[in-house]
Amino acid sequence: MDFALIKRLTVSQRKAPRKRRSGRDARGMYIVEALVAMVISGIIAFSLLDMLCASMRTMNRASGDAQAYELIEELTEYTRSNGYDRLVQFKDQPMTLTLNRTADTSLEFTAFHDRPLLLDFVRRKWQDKTSNNRFDGTLSYYVFDGPQPHTLNVAIDLLWNDRSGTSQRSLGRVVVVCDVSEQEAG
Amino acid sequence: MIPRRRSVRHRNCAGVSLTELLVGSVLLGSSLAVVAELMSLCVVANTKLFRQFDAQRGATVALDRIKRDVRMAQEVRSTLSTDEVSEFGITKNLASTVLILRLPIPFLSKVNDSSSSSYDPAATIDPQSGFTVPGYYVVIYEVIKDAENPGEYKLVTSSRRMPRDDQYKALHPWFADNCSFHGNVDSQVIAKGIVGPTDPADTTGSAPKVFSFIAKNPSRGNRLDVLREQILYNQSVASGVSMVGVDLEVKRGTEGTDVQPVSGSDNILGMHTEVHLRNLKTLSGPYDSTLFEQQE
């Protein structure tokens with residue numbers, strides 16, 4: 001077998017550096033090369049981490065959205081439970097309902113609703129982690145004239161911040177409530 | 001024959017100097033340490049988030065089931081009747097840990113019920129399907145201690161059809177022969193890992209106060225207010241309940257004993273919902289204002 005070929009296969013293919021460094025016949029890796037390699041691997045690692053963080057942010061946002069949707073659903077049910085006769089007493093009064101009650105927050109518009117819509121940290125003892133995980137936002141509730149006589153519109157609007165605090169999100173719904181007694185009489 | 005390689009020592013293949021090797025190792029080590037720390041943080045955060053979702057899903061499944069039954073219920077019961085006690089083998093009273101409901105029985109012909117042995121896929125849907133038949137289901141939801149996990153509770157449900165089988169057959173033979181009924185359910189677990197909420201005044205470590213009962217308060221313009229727990233034994237009060245509130249605080253993950261033990265990654269989630277009884281048979285009242293919890 002050709003000795004030159006064997007030599008080419010067994011000995012490093014790397015050519016000698018053009019310049020000698022420190023007078024040494026160094027054919028290994030330059031520190032610059034090592035740094036470049038590390039920077040590239042660092043960029044890859046950070047982009048992977050960023051993807052992971054982005055997916056976690058999305059999951060967090062989805063969790064908040066789901067809770068907001070549930071809350072709006074519940075308020076819709078509450079609105080229907082109250083009925084026309086009661087709701088008409090609160091017509092044209094914009095209300096902001098309390099989501100979570102803590103020792104520092106006081107209930108608002110108690111004539112309409114005398115307890116928090118979500119968690120009550122005053123009348124019930126919850127764990128600290130629940131307090132940190134709680135969904136918070138601003139819920140406005142507004143009763144006004146409906147599309148037909150003897151009907152009411154109830155606008156429910158919820159504003160909340162992402163857990164990451166990067167964006168504000170909102171969800172709203174308008175519920176129409178009819179005066180059943182009037183319709184039956186009609 | 002292949003000639004022997006030259007000794008490595010004599011090969012013209014100089015590597016890195018010791019200084020370069022050390023500097024490279026230090027840089028690589030420090031960057032790896034940063035990446036490892038970030039990865040570790042990500043794993044903890046990911047596990048926490050997963051557990052939060054798990055807790056949310058667990059609580060939602062339980063709440064959805066309770067909501068469905070409450071919406072269908074004709075009445076909230078303060079206690080079980082004698083016949084019901086003999087069926088369940090135990091007595092139960094309405095409380096913040098116990099919910100007793102009476103649900104109507106919808107008609108479903110045995111030939112239309114795919115889980116029935118008389119099921120006929122070719123049979124037409126019986127026109128009576130969905131109409132209520134005589135009798136009712138008693139459904140109990142109860143918060144009980146979880147023996148496997150000290151300090152945690154679980155939510156279980158049991159149900160029975162009333163009147164009992166023999167009585168039902170004697171009273172309503174046609175329905176007994178043709179209607180498909182749900183089977184009995186005994187202590188089916190619908191939520192685990194419940195750790196709260198509890199009464200702030202209670203220091204004895206009693207069970208979480210999961211259920212609250214809401215009725216129209218005539219002294220406050222029919223505002224829907226929470227009834228005091230102490231008067232729930234009274235059926236005339238229970239019959240007037242128009243909404244049921246459910247508070248659940250669910251924990252997921254236990255440090256050190258879990259499948260994936262990550263320190264500080266256990267997660268607790270609180271949920272509250274109020275659901276309206278849409279199918280009320282009768283509504284008693286009006287109530288005295290002293291029957292309601294004083295919130296302000």
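What's counted below: heavy atoms across the whole structure, side chains too, no hydrogens, waters or symmetry copies. Below, chain A is the first sequence line, B the second, and so on; all start at residue 1.
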* A:A111 portion near chain B, given a 4.5 angstrom heavy-atom threshold -> backbone
* Using a cut-off of under 4.5 Å for heavy-atom pairs, which of A:S63, A:A45, A:C53 has the most such pairs with chain B? -> A:S63
* **Short N-O contact, B:K67 and A:E77, less than 4.0 angstrom** => no
* Heavy atoms only, distances under 4.5 angstrom: which of A:L48, A:L118, A:N132 has the most pairs with chain B? Name it, please. => A:L118
* Structure fact -> If one checks every heavy atom of B:M271 against chain A at 4.5 Å, the contacting part turns out to be backbone
* Heavy-atom distance under 4.5 Å to chain A: side chain of B:S31, backbone, both or neither? -> side chain
* Asked: Would a distance-only check, ignoring hydrogens and angles, find a side-chain to backbone donor-acceptor pair under 3.5 Å from B:E249 to A:T130?
  -> no
* Given that the side chain runs from C-beta out, which part of B:L248 has a heavy atom under 4.5 Å from chain A: side chain, backbone, both or neither? -> backbone
* Asked: Between A:R134 and chain B, which part of the residue has a heavy atom less than 4.5 Å away: side chain, backbone, both or neither?
  -> neither
* Asked: Can you find a pair of side-chain heavy atoms, one from A:L139 and one from A:I156, that are under 4.5 Å apart?
  -> yes
* If you tally heavy-atom pairs under 4.5 Å against chain A, which of B:D199, B:L224, B:L27 wins? -> B:L224
* Top of B:P200, B:G245, B:A201 for chain A proximity - count of heavy-atom pairs under 4.5 angstrom -> B:P200
* Quick one: are the ring centres of A:Y141 and A:H113 less than 6.0 Å apart? -> no
* To do: May I ask you to say whether B:R220 pairs ionically with B:D225, meaning some side-chain N is under 4.0 Å from a carboxylate O?
  => no
* Measuring heavy-atom distances to chain A, does B:R71 have an atom under 4.5 Å in its side chain, in its backbone, in both, or in neither? -> side chain
* Between A:F90 and A:F112, what is the ring plane arrangement, given parallel below 30°, perpendicular above 60°, and tilted in between? -> perpendicular
* Which atoms of A:F121 come close to chain B, meaning under 4.5 Å heavy atom to heavy atom: side chain ones, backbone ones, both, or neither? -> neither
* Asked: chain B heavy atoms under 4.5 Å from A:E73: which part of the residue, side chain, backbone, both or neither?
  -> neither
* To do: Indicate yes or no: does B:D54 engage B:R51 in a salt bridge with an N to O separation below 4.0 Å.
  => no
* **Lys/Arg N to Asp/Glu carboxylate O, A:K91 vs A:D145, below 4.0 Å** => yes
* **Interface residue of largest heavy-atom contact number with chain A, from B:N217, B:N222, B:L277, B:L41, under 4.5 Å** => B:N222
* Salt-bridge present (B:E293, A:R115; N to O < 4.0 Å) -> no
* Selection from B:L63, B:T273, B:L269, B:V275 maximising heavy-atom pairs under 4.5 Å formed with chain A -> B:T273
* A:E74 versus chain B, heavy atoms under 4.5 Å apart: side chain, backbone, both or neither? -> side chain
* A:Y142 vs A:F144 aromatic rings, parallel, tilted or perpendicular, using cut-offs 30° and 60°? -> parallel
* Asked: Checking B:V250 against chain A: side chain, backbone, both or neither under 4.5 Å from a heavy atom?
  -> neither
* Structure fact -> Under 4.5 Å to a heavy atom of chain A? For B:E274 that would be both
* Asked: Counting N and O atoms only, with roles assigned by atom type, does the side chain of A:R169 sit under 3.5 Å from a partner on the main chain of A:D162, one being a donor and the other an acceptor?
  -> no
